[in-house]
Amino acid sequence: MAADRRRGHGADASSLRDRLQRLTPRRRGLGLTVAALTAAVLALPMTEQGPTAWLAVGIAVVVFSLDRRVGPVTRVLDRAGGIVIAAIILLLVQGTGGADSVFQDLYVLVLVYAALSRSWSRLAVDTLVVVAAGTAPAWFASVSARFWEDLAIDAGVWLAVALLTGVITRHLRSAAADAQRLRSVLDRAHDSVMVLDADSHETLYANDRTATSLGVAVTDLVGRPPYVVTDVSSPETIADQVDQARATGLAQERMYELPHPDGPRLYETLSRVVTTDDGVEALVFVGRDVTAREARHALEHHLAAIVDASDTAILSTDLRGTVQTWNPAAERLYGWTAEEAVGRHVVGLLSPEGQATGDHAQVVAGSHQQFETRHHRRDGSVVDVAVTVSPIRDDRGGLAGVALLSRDVSERKRHEQELAEREDRFRTLAEQAQGIVYRVRLDPDVTLEYVNPRVEEVTGHPPERIREDPGLLLQRLRTRAEHPEVTGTDREDAPGTTTSPLQRADGTRIWLEDHHRPQFDDRGRVVATQGIMFDVTSRRQGERARAAALTHQRRAAAALRRTVEIQHTFLQAVSHELRTPLTSVLGFARTLETHGDGMEPHQRRDLVARLSRNAERLAVLLDDLLDLDRLARGALELHRSEVDLGALCEQVVDRLDTHGHDVRVDVRPVVVAVDRPKIERAIDNLLRNAVKHTPVDTHVAVTTEQRDGHAIVCVADDGAGVPDDVVESIFEPFQQGPQAASDASPGTGVGLALVREFARMHDGEAWYEPGDPVGARFYLRLPLDSDSPSASPTPGGDRTDGEDHDGRR
Amino acid sequence: MDDGERRMRELLEQIGPAMLSTHDVDGRYVAASQQARALLGREPDDLVGLDAYALHHPDDVTAVQTGHVTLVATPHAIVVDYRLRHADGSYVPVRSVAWTDRDPTSAVTHLVVLTVPRDHLTEEAYVDLQQVPVATAQRVATDVLGA
């Protein structure tokens, strides 16, 4: 849908109006009329051939008119033999007059034709030819004086008419040619030209450009109002334009937006009402495609808006440095308004001191130059600015001016200054610090950016060496696989403390505690790490010593608690073990004391025997306790003699109170040098342990054998065995095994402990194995070949009646 | 004669084909020293009125224009490397140090350009030239060229 926009008169309006003026046809009609009248006025009074002359004038006027209206007629006359046509006309006229008259008129017509159709040179030639051709017959037909007189008069008159007519015709033909040329130019014009009848809106003329812009053919447009064949405009719009043009007498300027396959096109039009020579009022449109110009203007407006809104001072100068443009940001930055700055010279305005003193050269390369400098403000203050200078080029790439962009960097400079001061302070502090202060860049490569001199004192490596290989200092940056002993966080994306070993230059190892903190870039990536390291080797050693002592103390406390518990248990057990036989001894003794006299001899012997066994139990218990005490004090010694362990086992079983158990003895002679009382006690304790901790009907068996250079005594039973949770501790002192038979006491926890200790004293050992499939097996293994000197050898199976050094039997 | 002027004159003597020239604000030659013959194979008078950009290698025009406008818009001298067309049609790699001559209102009146073959200029001399003040360069140019 087309749109039209009215605009005021622009710069192009005058030239368009000139074109409209050139379209006025009035001049041609006026020339034609003047020429015809002049010819008639000049010719008629001078000739006697009035009717013929009028006829000639009439023909000339017709030809003029035809030529003006439809120029091709004249061209046909010219090209197809105008002479022949003229002769035909002459012959037609001949029927109304005599031969002389015919010839004379022939001359006149030929001359008129020649004047109408030929150039002046051709006119002269044609005149001679026709006169010669026309006068020859007359010469021979009549040579009267009258003829020559009339001929001379006619020739003179018609020659004058012909000359005048030729002048007029040439003028008119020139005007027609001009109109034709103008039409040709308009047809090929880059601008659109269209002429409408102001009343009917019928299109009188439209050039190709107009038709193209409207999307129709010229032939479709001419003869119709444009709104009939296109969507452009409307009867009301055109009528409105005509009215306004008539009212103001001025050209009307409008903008039209016309559809186009490549997008809407904008046309700027000027329209004006003109009146033709024949009195027709026409509305003449001249339009121009200004799409590109408007787009350029729009872009310029956008750029201007950007420049105006920019926070960067943007100014331009010519090649003398004279300021041409100055944006609002420049006003804010420098204090000069645009009116004040434009026309002044940029260097004098912004860098007066630079002009006076000269600065070092700027090394230039590329399409623009960037640098930082100090500019002066209007108030005399100085501002740090970042400047970009670039060329402004004309359409041919030549230098046309200078663009200068300037940005206030005072704040940044101040921050940089503060940063530098802080860095100085930091460096001073860092270099006096007791720890190793460092900063390492991690990306793209690991680079030690700073380390204080303390590093050499701690690591033995000079700072230069550390810079070459930061890994010497920052071993936490290596993989955990290389340093599994590293403790603490090794993440680089969070602050942390890492304690890791470091090998000094002298090869010794120290421990460094590294308090590190990451540095991030704008995208959150870790780009550096910095921190401080302390040599914690001494502290770490002290900590480990304290930890070991603490562990030892904890263990000692636990052992003490265990000892107390054992003592408590032991006292309970001992009191029970002592009380039971002691009560029996006392009971039997009092019975004998009170009733012994009345008893039968066998009754007294039985009581005495019982009294003796209980006393023996007390003695054994006391021996165990005393031996354990001696072992604890290291006061027990061996007195070896050769002993047959098989016989010894039989003797022990013979004396054993089996408590109803079936004790089997399956022994073989095995002679070994041992401290007999201790080994006898060991075997006795094993057997007592078996009968005490197994039910009455349990089988107990004792065997001996010799194997791999050792004598082995095994006491086995088919009882419940030893629970798993006490297997490890049953040979420990005061550790009590599972509850034995219902009538048995739990024991003192001393028997098995003595078995193991006596075995160890003989370089042997004692151990427990579960029975197969049930029961328990206790082993006592003693080496057959002992380096210890034997005491007094005793016969196998004989019990040694010696005493220990403490007198225990 | 200050140190800067002394150093600049020494350099002019030491660097054989060191051409000193002045240009109008558009870059046209106003005057050129005799060294134009050795450097470019051209008569100094033939250069007068010639657009200097016409002698630049097309690929270097942008950099020289940037140097030109930097001269105009700042008080700094500039240094730029580019190639100048010799009379025999070849291009000569050169380095120019340029200053501006300004009137009392700071408007640029002339450009003063010292042009030397790039391989003739030691780094030391190059640094020294960069430090020649504008006023000194103008004085030397006036003396050498009689401008």
Side-chain angles (χ1 to χ4, degrees), chain A residues 313-325 330 341 343-376 385-394 396-406, chain B residues 2 4 23-28 51-54 56 58-82 95-111 114 126-139:
Chain A
I314 302 173
L315 56 110
S316 63
T317 79
D318 62 14
L319 292 179
R320 291 185 180 277
T322 308
V323 175
Q324 305 293 309
T325 62
R344 299 187 62 173
H345 301 294
V346 65
V347 168
L349 203 61
L350 304 181
S351 310
E353 89 293 351
Q355 171 74 358
T357 62
D359 281 348
H360 293 172
Q362 293 268 331
V363 179
V364 177
S367 60
H368 58 273
Q369 184 70 359
Q370 290 181 309
F371 56 93
E372 291 189 1
T373 187
R374 309 188 83 188
H375 277 167
H376 283 242
V385 289
V387 174
T388 301
V389 179
S390 57
I392 298 175
R393 299 183 179 86
D394 58 24
R396 293 170 299 173
L399 205 53
V402 185
L404 187 146
L405 281 66
S406 176
Chain B
D2 59 28
H23 302 254
D24 66 14
V25 294
D26 294 322
R28 283 187 291 273
D51 182 358
Y53 287 103
H56 294 166
D59 293 345
D60 299 335
V61 168
T62 297
V64 178
Q65 285 181 332
T66 301
H68 187 160
V69 298
T70 303
L71 265 182
V72 171
T74 73
H76 308 292
I78 62 105
V79 177
V80 62
D81 291 339
Y82 58 105
R95 172 169 288 167
S96 283
V97 183
W99 301 264
T100 50
D101 190 6
R102 296 173 186 267
D103 67 14
T105 69
S106 299
V108 178
T109 56
H110 290 92
L111 310 179
L114 178 63
Y126 168 63
V127 171
D128 287 346
L129 277 175
Q130 288 184 64
Q131 297 176 353
V132 173
V134 171
T136 300
Q138 291 165 350
R139 190 161 57 246

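Per chain, numbering begins at 1; letters A, B, ... match sequence-line order.
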**Report entry** Engaged part of A:R393 at the chain B interface, taking heavy atoms whose separation is under 4.5 Å
**Finding:** side chain
**Report entry** Proximal component of A:V363, with respect to chain B [non-hydrogen, under 4.5 Å]
**Finding:** both
Report task. Sort out for me which of B:V80, B:D24, B:T70, B:V61 touches chain A most, counting heavy-atom pairs under 4.5 Å. Result -> B:T70
Query raised in the report: For the candidates B:G67, B:A98, B:A73, B:P104, which exhibits the highest count of non-hydrogen atom pairs separated by less than 4.5 Å from chain A?
Result: B:A73
**Report entry** Short N-O contact, A:D318 and A:R320, less than 4.0 angstrom
**Finding:**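 No, this pair does not count.
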Query - Option that, when pairs with chain B are counted at under 4.5 Å, heavy atom only, ranks first among A:G321, A:P391, A:S390 - result: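 Ranked by contacts with chain B, first place is A:P391.
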Query raised in the report: Top residue by heavy-atom pair count (under 4.5 Å) with chain B, among A:L319, A:V402, A:L404?
Result: A:L319
Report task. Step by step, work out the side chain to side chain donor-acceptor pair (under 3.5 Å) result for A:T388 and A:H368. Result -> CA-CA 7 Å; A:T388 301; A:H368 58 273; over 6 Å; no
Requested in this report: Decide whether A:T325 and A:S316 meet the rule of one side-chain donor and one side-chain acceptor closer than 3.5 Å.
Outcome: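 On atom types as modelled, these side chains qualify, holding a pair under 3.5 Å.
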Report task. Could you tell me whether the side chain of B:Q65 and the main chain of A:G397 form a donor-acceptor pair under 3.5 Å? Result ->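 Here the side-chain-to-backbone pair exists.
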Report task. Check the pair A:T322, A:T317 against side-chain contact (heavy atoms from CB on, under 4.5 Å), reporting the backbone distance first and the verdict last. Result -> CA-CA 5 Å; A:T322 308; A:T317 79; 5.6 Å; no
Query raised in the report: Looking only at heavy atoms, which two atoms of A:V385 and A:H375 are closest? And how far apart?
Result: CG2-ND1, 3.5 Å
Requested in this report: Name the region of B:D60, side chain, backbone, both or neither, that has any atom closer than 4.5 Å to a heavy atom of chain A.
Outcome: neither
